[in-house]
Amino acid sequence: MNNQDFDRLWKEAEASGMAHRLAQEYPAWARRRVHIRNGVVAMMCIGALSATTLPVLLPQHHDDYIAVCCNRTGISDAQWVDLAADMLITEMI
Amino acid sequence: MKKIVTIILLILPLMAAAQSHLYERYASRQELDVAQVSGFRLADSVRVDVVLIVAKNESAWQQLMKEFKVQSTEGSTSWLGDANNPVKRIGWTGKPVCKVIVSHDRRTVAFYRLDTQAQYEALLDYQLNAFDSHKHTKTKKRNNK
């Protein structure tokens, strides 16, 4: 689109009242856009928060334990549970 | 946005509450591997929380033994400790206690939180059953040879 095309379209828009309507409605549209953006950000925050907190607050139930937390990576939950069981036998042997 | 911040502030303490003071006390120490097993099953309807501390090296282990006032240097040892201060040896009175088991071979200290009589009895039963099954397996292996 060149300048002449734009001028022609703008004049048509002014003549039809479209330019005036756009200028009037733009603030409302901008507000709506901000609301949508806030909504998306809120959903992302809630999603991230749920992913980290739900396993703690609503832990999955395993047969032998409910949840394991540890200060190091590299040792699996099952290994810690085995150790907890082994330590009870260790005392008896 | 204020609502989101409020939700985060409300949930954070709940997350922190999931970890015991014992775990929190030792988890920050680099020379120790620390874990909390929540709801370790002793019997069908009896579960306990367990904190395990594993020393990564001999010096860390010696330091830990000093902190828990353990005199022995080999095998294993155990006692009932105060729930808030497991170093303090106490007897079973029906109040919350910690069963502490120390294994020198594994360089591990385990704390089993016992709040009720049912948990205390279930732990003893678990140990007896596990010991019986361990003995049975050993005998079977010997007979097969």
Side-chain angles (χ1 to χ4, degrees), chain A residues 24-93, chain B residues 1 3-5 7-8 11-12 14-19 23-24 26-30 32-42 47-54 56 75-78 99 101-106 108-112 123-124 126-135 138:
Chain A
Q24 269 191 328
E25 292 194 0
Y26 179 74
W29 180 78
R31 273 201 302 276
R32 204 157 52 234
R33 197 176 59 169
V34 169
H35 284 158
I36 291 168
R37 190 198 62 193
N38 285 350
V40 170
V41 171
M43 282 173 72
M44 284 170 70
C45 287
I46 289 168
L49 209 61
S50 304
T52 53
T53 56
L54 285 183
V56 178
L57 298 175
L58 305 167
Q60 277 189 315
H61 281 256
H62 305 270
D63 277 351
D64 295 331
Y65 67 103
I66 293 172
V68 175
C69 64
C70 64
N71 67 342
R72 301 281 179 274
T73 53
I75 305 174
S76 71
D77 290 0
Q79 283 174 301
W80 283 116
V81 175
D82 286 347
L83 182 59
D86 288 347
M87 286 297 285
L88 286 172
I89 305 170
T90 299
E91 192 201 359
M92 305 293 288
I93 300 169
Chain B
M1 210 60 179
K3 282 179 190 170
I4 295 167
V5 173
I7 292 168
I8 292 169
I11 289 174
L12 280 178
L14 289 173
M15 288 175 72
Q19 291 166 355
Y23 176 85
E24 284 172 357
Y26 293 98
S28 59
R29 282 168 56 169
Q30 292 294 314
L32 304 173
D33 285 341
V34 186
Q36 179 176 316
V37 179
S38 302
F40 176 75
R41 190 165 69 97
L42 290 173
R47 290 175 183 269
V48 292
D49 288 345
V50 187
V51 173
L52 298 152
I53 303 175
V54 182
K56 286 181 179 175
S76 66
T77 183
S78 69
K99 169 85 176 180
I101 301 175
V102 173
S103 168
H104 290 281
D105 301 336
R106 295 170 187 264
T108 302
V109 185
F111 305 87
Y112 301 82
L123 186 120
L124 295 176
Y126 184 99
Q127 284 188 300
L128 285 172
N129 291 337
F131 180 63
D132 280 347
S133 115
H134 175 79
K135 217 164 68 176
K138 242 180 156 181

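Order of the sequence lines sets the chain letters (A, B, ...), proteins ahead of strands, with each chain counted from 1.
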**Message:** If I measure from the heavy atoms of chain A, does B:V51 come under 4.5 Å with its side chain, its backbone, both, or neither?
**Reply:** neither
**Request:** Kindly indicate whether the side chain of A:D86, heavy atoms from C-beta on, has any atom under 4.5 Å from the side chain of B:R106.
**Result:** yes
**Request:** First locate atom OG of B:S76, then atom CD1 of A:I89, and finally report the distance between them rounded to the nearest 0.5 Å.
**Result:** 12.0 Å
**Asked** Tell me, side chain or backbone of B:R29 under 4.5 Å from chain A's heavy atoms, or both, or neither?
**Response** backbone
**Item:** Contacting region of B:L32 [heavy-atom separation from chain A under 4.5 Å]
**Value:** backbone
**Message:** For chain A, which candidate among B:L123, B:L52, B:V102, B:T77 shows the most heavy-atom pairs at distances under 4.5 Å?
**Reply:** B:L52
**Asked** How many angstroms lie between atom CG of B:L42 and atom CG of A:D64, to the nearest 0.5 angstrom?
**Response** 10.5 Å
**Message:** One pair to check against side-chain contact (heavy atoms from CB on, under 4.5 Å): B:T108 and A:T90. What are the steps and the verdict?
**Reply:** CA-CA 11 Å; B:T108 302; A:T90 299; over 6 Å; no
**Message:** Counting heavy-atom pairs under 4.5 Å with chain A, which one of B:G75, B:A130, B:S103, B:S28 comes out on top?
**Reply:** B:S103
**Prompt:** Between CD of B:Q36 and CG of A:N71, what distance do you get to the nearest 0.5 Å?
**Reply:** 11.5 Å
**Request:** Find the distance between CG (A:L88) and CG (B:L128) and round it off to the nearest 0.5 Å.
**Result:** 11.0 Å
**Request:** Would you mind checking which part of B:V37 comes under 4.5 Å of any heavy atom in chain A, side chain (CB onward), backbone (N, CA, C, O), both or neither?
**Result:** both
**Asked** Which heavy atom of A:C69 sits nearest a heavy atom of B:Y23, and at what distance?
**Response** O-CE1, 3.6 Å
**Message:** Please classify the contact of B:F40 with chain A as side chain, backbone, both or neither, using a heavy-atom distance under 4.5 Å.
**Reply:** both
**Close side-chain approach of B:V54 and A:L83, heavy atoms under 4.5 Å** = yes
